[in-house]
Amino acid sequence: MPVARPESSDSRVIAHIDMDCFYVQVEQRKQPSLRGHPTAVVQYNSWKGGGLIAVGYEARKYGVKRSMRGDEAKKVCPDIQLVQVPVARGKADLSVYRNAGSEVVSILSSKGRCERASIDEVYLDLTEAAETMLAENPPERLESISEEAHKSHVLGLHLDEANTRDCVKEWFLGSNTDHRDKLLACGALIVAELRLEVLKETEFTCSAGIAHNKMLAKLASGMNKPAQQTIVPSSSVTKLLESLPIKKMKQLGGKLGTSLQTDLFVNTVGDLLQFSEEKLQERYGINTGTWLWNIARGISGEEVVGRLLPMSHGSGKTFPGRQALKTVSSVQKWLHELCEELNERLLYDLEQNKRIARTLTLHASAYKLNDSESLKKFPSKSCPLRYGITKIQEDALNLFHAGLREYIGIYHVRTKESKPHEWAITGLSISASKIVAIPSGTHSITKYFHSQPNNSTYTNESNDICTQDAASLSSSGNGSCLGLPLAGPQIDTSEDEAGAKHDMPSLDRDGDETEVCKARFDFHILKCLKKMELKMMETLMDTLFTTKFANNHNPTFVKMKQQIEGLTDEISFSCAASENDLGSKLIQSKMDFVGPGLKPEKQKRKFEKEKGTSSILRFFHSHDSSSFPEHAHVKTVQENEASSSDFQENQQPMTGTTLSRCNLGQDDSRSDAWSYKSDEIDPAVLNELPPEIQAEVRASLQPQKRANTAKRGSSIVHYFSPSTNS
Ligand code: TTP
């Protein structure tokens, strides 16, 4: 099936600019005496001289490689200068490199759309600048070209060995070259100038690729390093790709590249040309198939995204070998450090760029000892990001626990049965993503940080600001809704309000404020419900372990244990997903609210939205009102349209779709009971239970018997209880 593909006669002018041995250059700028000497930057860990992470070009001549350790590098190059990466909080501090990268970006971004692709790489879309140059001052009218442009490598150009410079000059100035080549020539002249400017302003050299798309520009920038540039005229593309090893192509270094090699015997990008688009789609799916067909022809429609600021912030550390973390307290200690760094960057971004991040994610790498399953990956976990160091640290630890529960199994974690050395963490990182600009009118959040007379006079807690709150300072006013406490402090909004008023839409403020409050309110209710579900899972697991058949050799026991673990994971997952969902709705609602002249959309609040969860607890109705404010309770009942009083009077099964409350909270004697909704039980879940339990559950689900839910409702637990089984 053909998919719309970008034109192969692409006339864009794209440059990829890559700093040369970047960390080494940054260190050499700090210590000019290192210039001209073989130099490498090593990790702060000094074992065997530390691992090399950047090797200068002088050192490369001696055969020093990034994979070496300092001691090994010294053997092949005794004069090498090894510089340690700066350290802060016991880990590498990359801020000096990050800031140096920003200096370069601010120069490069002057000529066209600029995308910061990594700490030392940038894409530029120079199409407009090149077209302007071609129209106003075309190369053929130039009497000479700059020395830097002269040194360009033009792929496919038949060079006269004796007179390379003349050949290149002729290509640049040639009046008979085609329009697209002329555009590339203009782009290359611009890039040569930019590179010189970078050198002058920052003392850094960089290399560049100039082509008609990002993919080709990136390939070209690494072809001639350091301090050179390579141009890819369209006529040279086929030859370039013909011999390019498939694994060298971006995104083909992994499994897809391996599959192409082993399944289709494709070794170079050019080898792909023998396959039709349909054949590649059949094998790898429509999009990947078309993408492969395109790259074989040097076609790529990927745009340069205008982005000077990073899309996320992260802080991580590895714990190789014996440094691996084996206790929760050691993980907590490091998470605290990583969160502190992340927090600093978040606050800097907030202050400098008026941006907030919405999602906090924890990644970890781990291994299990004495476990055949040790290849299982430690799952990454995310949650809505709440501002404030205490909250970030707290949330990061919770994410770690959630990941660990899944990684080693809930029972081990919960009962602390896991032996101290059952798991080991070899890498931890915490990142903040989904970064957005804060809406106008809320920029005064930064004033909040400034205006604190002395941070130490506040508790950490008081510095905490929920992201949602940050986005809504101007709308939520007193910082609380319907008596629910906010995660953050009671912010003095007098200053903020003043700033925000200019942007305040002329609409029914009360009505919209209520919407915001309701969204927040739903968010809290959902959290409560999920907590209850998790608690119930714990009880189930507890009781399962007290049964006679609690033994890992009993397949029934193992199956049930896995099922409870699975359900628990699912609840945790749906909890995070729903929180994200509602959290972003909440932000959106508030952003809409503060956006000029925008009427906020009515928030649809449906807990039923968590479709697909097969959590057994979907079928339970809590009678416990103690943890719910009355208004929450009423709303839930109304939305799910069933109430316990209806039920008692009419003896009808309830029809709500998710875990929902079915009692108005008047009858305390029933507060701990659960009931089930037979019409909503997923038969797949029930069928997986052992037959005797299925029978009991089915019996307990008979609608005519459900009036007595207080007792019946806990029948699964009851089934496991020692008294029943012994
Ligand atoms: P690279 O651009 O991969 O390499 P480089 O700039 O050192 O050298 P080249 O001239 O060949 O492009 O990496 C940029 C910086 O990122 C590098 O100077 C150090 C850092 N880095 C690491 O810290 N660890 C790594 O594994 C890699 C690949 C890079």
Side-chain angles (χ1 to χ4, degrees), residues 15-31 34-46 49-70 72-73 77 80-88 91-105 108 115-123 153 191 195 198-199 202-209 214 217-230 247-251 253-254 310 313-320 341 363 365 426-427 429 431:
H16 178 260
I17 296 171
D18 188 10
M19 309 306 296
D20 302 314
C21 52
F22 189 47
Y23 286 16
V24 172
Q25 288 205 73
V26 174
E27 293 302 331
Q28 286 176 335
R29 185 172 73 168
K30 275 201 285 183
Q31 288 183 63
L34 293 173
R35 288 226 165 91
H37 288 283
T39 308
V41 176
V42 293
Q43 275 286 17
Y44 62 93
N45 168 3
S46 58
L52 269 55
I53 56 170
V55 181
Y57 282 87
E58 292 87 356
R60 291 185 201 190
K61 288 181 204 155
Y62 293 85
V64 178
K65 296 205 166 60
R66 189 183 265 142
S67 54
M68 294 177 171
R69 299 205 73 88
E72 212 179 339
C77 176
I80 195 167
Q81 304 284 324
L82 299 175
V83 188
Q84 225 188 33
V85 148
V87 177
K91 61 181 279 298
D93 177 10
L94 306 183
S95 48
V96 60
Y97 309 119
R98 224 175 272 128
N99 297 340
S102 302
E103 285 177 49
V104 175
V105 168
L108 294 177
E115 176 179 333
R116 189 171 186 177
S118 78
I119 199 161
D120 75 334
E121 271 179 286
V122 158
Y123 286 100
H153 300 262
V191 170
R195 290 179 38 243
V198 168
L199 182 62
T202 66
E203 302 175 29
F204 300 142
T205 66
C206 54
S207 298
K214 279 171 91 171
K218 162 106 182 159
L219 271 178
S221 70
M223 293 176 84
N224 294 289
K225 273 186 152 252
Q228 297 169 74
Q229 60 182 49
T230 306
K247 290 259 181 175
K248 292 260 177 204
M249 184 58 96
K250 200 176 156 202
Q251 293 172 18
H313 300 295
S315 174
K317 181 172 164 62
T318 54
F319 306 95
E341 187 191 340
H363 298 282
S365 51
T426 53
S429 93
S431 61

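The figures that follow rest on heavy atoms only: side chains count, while hydrogens, waters and symmetry mates do not. Atoms within each ligand, like the ligands themselves, are counted from 1 in listed order.
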Q: How close do G254 and K247 get, counting heavy atoms only, and between which atoms?
A: O-NZ, 3.3 Å
Q: Could you check atom 20 (C) of ligand 1 against the protein and tell me its nearest heavy-atom contact, residue, atom and distance included?
A: Y23 CZ, 3.4 Å
Q: Identify, for atom 13 (O) of ligand 1, the protein heavy atom at the shortest distance, and state residue, atom and that distance.
A: R66 NH2, 3.6 Å
Q: Give the atoms of ligand 1, by number and element, whose distance to some non-hydrogen atom of M19 is under 4.0 Å.
A: 6 (O), 10 (O), 12 (O)
Q: Just by distance, do the side chain of Q228 and the backbone of H153 share a donor-acceptor pair under 3.5 Å?
A: no
Q: Does some non-hydrogen atom of R60 fall short of 4.0 Å from ligand 1?
A: yes
Q: Given side chains that start at C-beta, do those of Q81 and Q31 come closer than 4.5 Å, heavy atoms only?
A: no
Q: For ligand 1, indicate whether the residue Y57 contacts it via side chain, backbone, both or neither (heavy-atom separation under 4.0 Å).
A: side chain
Q: Could you check if a side-chain atom of C77 sits within less than 4.5 angstrom of a side-chain atom of K61, using non-hydrogen atoms only?
A: no
Q: Specify whether F22 and F204 have parallel, tilted or perpendicular ring planes, treating 30° as the upper limit for parallel and 60° as the lower limit for perpendicular.
A: perpendicular
Q: Say whether Q25 and ligand 1 are in contact under the criterion: heavy-atom distance to a ligand atom below 4.0 Å.
A: no
Q: To check your reading of the model: name the closest protein heavy atom to atom 21 (N) of ligand 1, its residue, and the distance in Å.
A: I53 O, 3.9 Å
Q: Out of all atoms in ligand 1, which are within 4.0 Å of some heavy atom of D18? Include the element for each.
A: 2 (O), 12 (O)
Q: Any idea which atoms of ligand 1 are less than 4.0 Å away from a heavy-atom of D120?
A: 2 (O), 6 (O), 14 (C)
Q: For ligand 1, which atoms have a heavy atom of K225 less than 4.0 angstrom away?
A: 9 (P), 10 (O), 12 (O)
Q: For the 3.5 Å polar cut-off, considering only N or O atoms, please tell me whether F22 and ligand 1 meet it.
A: yes
Q: Output, in order, the C-alpha distance, side-chain angles, deciding distance and verdict of salt bridge (Lys or Arg N to Asp or Glu O under 4.0 Å) for E341 and K317.
A: CA-CA 12 Å; E341 187 191 340; K317 181 172 164 62; over 6 Å; no
Q: Are any of the heavy atoms in P226 under 4.0 Å away from ligand 1?
A: no
Q: State whether the side chain of R60 and the backbone N or O of V55 hold a donor-acceptor pair below 3.5 Å, judged by distance alone.
A: yes
Q: Under the rule for side-chain contact (heavy atoms from CB on, under 4.5 Å), what residues qualify as partners of S429, not counting sequence neighbours?
A: H363
Q: Is a salt bridge present between E103 and R29, judged by a nitrogen-to-oxygen distance below 4.0 Å?
A: yes
Q: Please list, in number order, the atoms of ligand 1 under 4.0 Å from a heavy atom of C21.
A: 5 (P), 6 (O), 7 (O), 8 (O), 9 (P), 10 (O)
